[in-house]
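Residue numbering restarts at 1 for every chain, and letters A, B, ... go by the order of the sequence lines. Because the structure is predicted, anything quoted here is derived from the model rather than measured.
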Number of protein chains: 2
Amino acid sequence: MPQPAAQPPQQSETVARILAAAEELFSRRGFDAVSMNDIAEAAGVSKANIFHHFESKNALYLAVVRNACSDSVERLQQLQHEDGAISGQLADFAGNHLKNMLEHDQVSRLILREIVGEEGARRAQELAEKVFGQNFAMLVEIVRTGQRRGELRADLDPAMVATLLIGANVFFFESQEVLRHFKDVDFAREPERYSRMLMDILLAGIRAPKP
Amino acid sequence: MPQPAAQPPQQSETVARILAAAEELFSRRGFDAVSMNDIAEAAGVSKANIFHHFESKNALYLAVVRNACSDSVERLQQLQHEDGAISGQLADFAGNHLKNMLEHDQVSRLILREIVGEEGARRAQELAEKVFGQNFAMLVEIVRTGQRRGELRADLDPAMVATLLIGANVFFFESQEVLRHFKDVDFAREPERYSRMLMDILLAGIRAPKP
DNA sequence: TAAGATACTGACCGACCGGTCGGTCAGAAA
DNA sequence: TTTCTGACCGACCGGTCGGTCAGTATCTTA
């Protein structure tokens with residue numbers, strides 16, 4: 001029986017159901033607002049059974065985040081290619097980063113919650129920071145390459161450019177619903193347009209001036 | 001007895017102490033993670049006394065947010081002036097917006113939590129959205145003026161520019177601690193420098209090209 | 001088929017939650 | 001002095017929380 005050979009060993013169907021239910025609930029309502037009873041009911045198992053498979057509520061949460069993280073980076077890494085103008089690569093990265101967030105919004109919310117979230121809640125921060133950090137480092141590298149090639153302004157801090165780009169995406173993702181209420185904003189439901197406008201401004205700001 | 005005549009009527013010292021304690025705890029740990037007992041202890045009153053002054057935990061939270069909101073917009077409105085180049089006005093706004101957030105980080109976190117926060121938690125959203133929206137509208141107006149004056153590119157959506165600027169600030173504010181861990185980032189503790197670099201890129205991206 | 005591991009359950013625990021209750025007490029009004 | 005009021009308190013309510021446990025069903029293996 002040939003398996004994709006991904007996850008650590010394997011997952012019983014029950015465990016998978018628990019993880020799925022927990023992921024859904026945690027990312028929609030947060031850690032505190034979800035009880036083990038909720039998860040048990042949603043997964044169709046007894047609460048005690050969850051404690052049979054996971055040491056504690058914290059451990060379950062950690063497993064959920066770990067599960068979610070594993071996919072996240074891969075998706076973006078696949079999209080990397082060395083050829084083509086840097087501006088195109090940046091636009092690709094930005095567009096896909098935002099698209100990924102929106103498509104997997106539950107997972108994104110979950111990871112974001114860890115990174116941005118409460119002060120006292122250091123549950124899976126390290127884990128989430130790693131994912132986040134990998135994306136960030138990848139982006140910084142693209143910018144550096146662009147600077148070496150003379151396509152981008154050399155006087156900029158590449159980490160600043162990366163922060164700006166990722167920040168713009170994250171902010172859009174997390175305040176989508178609020179932006180919708182603002183009369184001046186008409187792009188809140190059009191992420192592709194947002195991405196295009198973002199890159200329009202950003203590229204104009206970081207492109208090396210013509211000699 | 002001449003009073004500053006600000007706040008609704010006035011506040012007994014006890015109520016003020018409760019509000020202060022609640023604000024501190026709510027903004028540091030969030031709504032769910034704070035119990036009325038915590039607040040009572042921090043304020044040095046009995047829990048029952050809190051319920052004497054506030055109808056419910058929700059009502060207390062609402063009062064805290066209302067209290068926090070009232071100052072927030074004023075601070076930025078005072079900084080507006082009609083004269084001077086738009087680029088300077090934008091830089092001022094951005095710099096002060098970030099500085100305000102950082103200086104009043106508890107209040108900021110509280111309001112941000114309402115705007116960005118959990119899905120099920122619509123406690124004081126309207127209230128917070130109003131504050132947020134006012135800042136946003138103010139900024140859009142500045143950008144529009146710049147476009148009319150020909151200082152800024154006319155082909156840009158002013159709301160997009162505002163989103164980018166506020167988003168950059170919000171993202172910096174909320175991920176400060178994470179950014180600190182990234183080896184490529186050396187500006188996480190220097191908001192002024194961040195603001196300068198931000199405006200450097202942004203202005204280059206939105207300034208009207210010379211004729 | 002017997003034995004033993006593993007998956008799973010319902011009943012249950014102490015802690016703590018938001019909120020209420022009966023009552024005390026200082027001071028203003030009469 | 002008496003009456004009334006509102007701030008304030010300790011004790012307590014029903015309910016939910018994360019977590020435990022004794023026991024049953026199911027599967028594996030010899």
Side-chain angles (χ1 to χ4, degrees), chain A residues 1 7-65 110 113-114 117-118 120-124, chain B residues 1 7-65 67 110 113 117-118 120-124:
Chain A
M1 32 184 98
Q7 330 287 75
Q10 72 199 70
Q11 254 171 24
S12 85
E13 207 242 311
T14 304
V15 170
R17 276 221 318 279
I18 295 173
L19 281 173
E23 179 179 318
E24 222 252 280
L25 291 169
F26 280 144
S27 47
R28 258 222 328 255
R29 311 212 299 250
F31 184 83
D32 289 331
V34 174
S35 76
M36 294 302 266
N37 273 315
D38 294 340
I39 299 171
E41 194 175 346
V45 300
S46 71
K47 186 173 66 156
N49 192 17
I50 299 183
F51 281 99
H52 172 69
H53 290 286
F54 301 93
E55 201 177 355
S56 65
K57 190 186 181 186
N58 258 304
L60 170 60
Y61 184 77
L62 202 93
V64 167
V65 174
L110 201 56
R113 215 186 283 274
E114 276 303 315
E118 352 263 312
R122 296 283 132 96
R123 267 177 282 274
Chain B
M1 37 183 95
Q7 328 284 79
Q10 71 197 74
Q11 254 170 25
S12 85
E13 208 243 309
T14 304
V15 170
R17 276 222 315 280
I18 294 173
L19 281 172
E23 180 179 316
E24 223 253 278
L25 291 168
F26 279 144
S27 48
R28 257 220 331 252
R29 312 213 298 251
F31 184 84
D32 289 330
V34 175
S35 77
M36 294 301 265
N37 273 315
D38 293 339
I39 298 171
E41 195 175 345
V45 300
S46 71
K47 187 173 65 158
N49 193 16
I50 299 183
F51 280 100
H52 173 70
H53 290 286
F54 301 93
E55 202 178 351
S56 65
K57 189 184 181 187
N58 259 303
L60 170 59
Y61 184 76
L62 202 92
V64 167
V65 174
N67 213 41
L110 201 57
R113 214 187 285 274
E118 349 264 312
R122 297 282 131 96
R123 266 176 282 274

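Judged purely by atom type and a 3.5 angstrom limit, B:Lys57 uses its side chain to pair as donor or acceptor with the backbone of B:Val34.
Residue A:Thr14 has a polar side-chain atom (N or O) positioned under 4.0 Å from OP1 or OP2 of C:dC8.
Protein chain A contacts DNA chain D from D:dC17 to D:dC21, reading 5' to 3' and using non-hydrogen atoms of the protein with a distance under 4.0 Å.
No engagement by B:Val15 is indicated, since no non-hydrogen atom pair under 4.0 Å with the nucleic acid exists. Residue contacts for A:Ser35: at a heavy-atom cut-off of 4.0 Å it reaches the sugar-phosphate backbone alone, with no base atom in range.
To the nearest 0.5 Å, atoms CD1 (A:Ile39) and CD (A:Glu23) are separated by 11.5 Å. A:Ser12 OG to A:Ile18 CD1: the interatomic distance, rounded to the nearest 0.5 Å, is 7.0 Å.
Each of A:Met36, A:Glu55, A:His53 was compared with A:Leu60 under the side-chain contact (heavy atoms from CB on, under 4.5 Å) criterion, and only A:Met36 meets it.
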Start with the C-alpha distance between A:Val64 and A:Phe54, add both sets of side-chain angles, then the distance that settles side chain to side chain contact (heavy atoms under 4.5 Å, CB included), and finish with yes or no. CA-CA 11 Å; A:Val64 167; A:Phe54 301 93; over 6 Å; no
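A residue-by-residue look at A:Gly44 and A:Lys47 shows that A:Gly44 has its nearest nucleotide of DNA chain C further toward the 5' end.
For the contact set between residues 51-61 of chain A and DNA chain C, defined by any heavy atom under 4.0 Å, the members are A:His52, A:His53.
For the residue pair A:Val45 and A:Thr14, the shortest heavy atom distance occurs at CG1-CG2, 3.9 Å. In plain terms, the two heavy atoms of A:Ala40 and A:Ser46 that are nearest each other are CB-C, 3.9 Å.
Classification of the A:Phe31-A:Tyr61 ring pair by plane angle, with boundaries at 30° and 60°, yields perpendicular.
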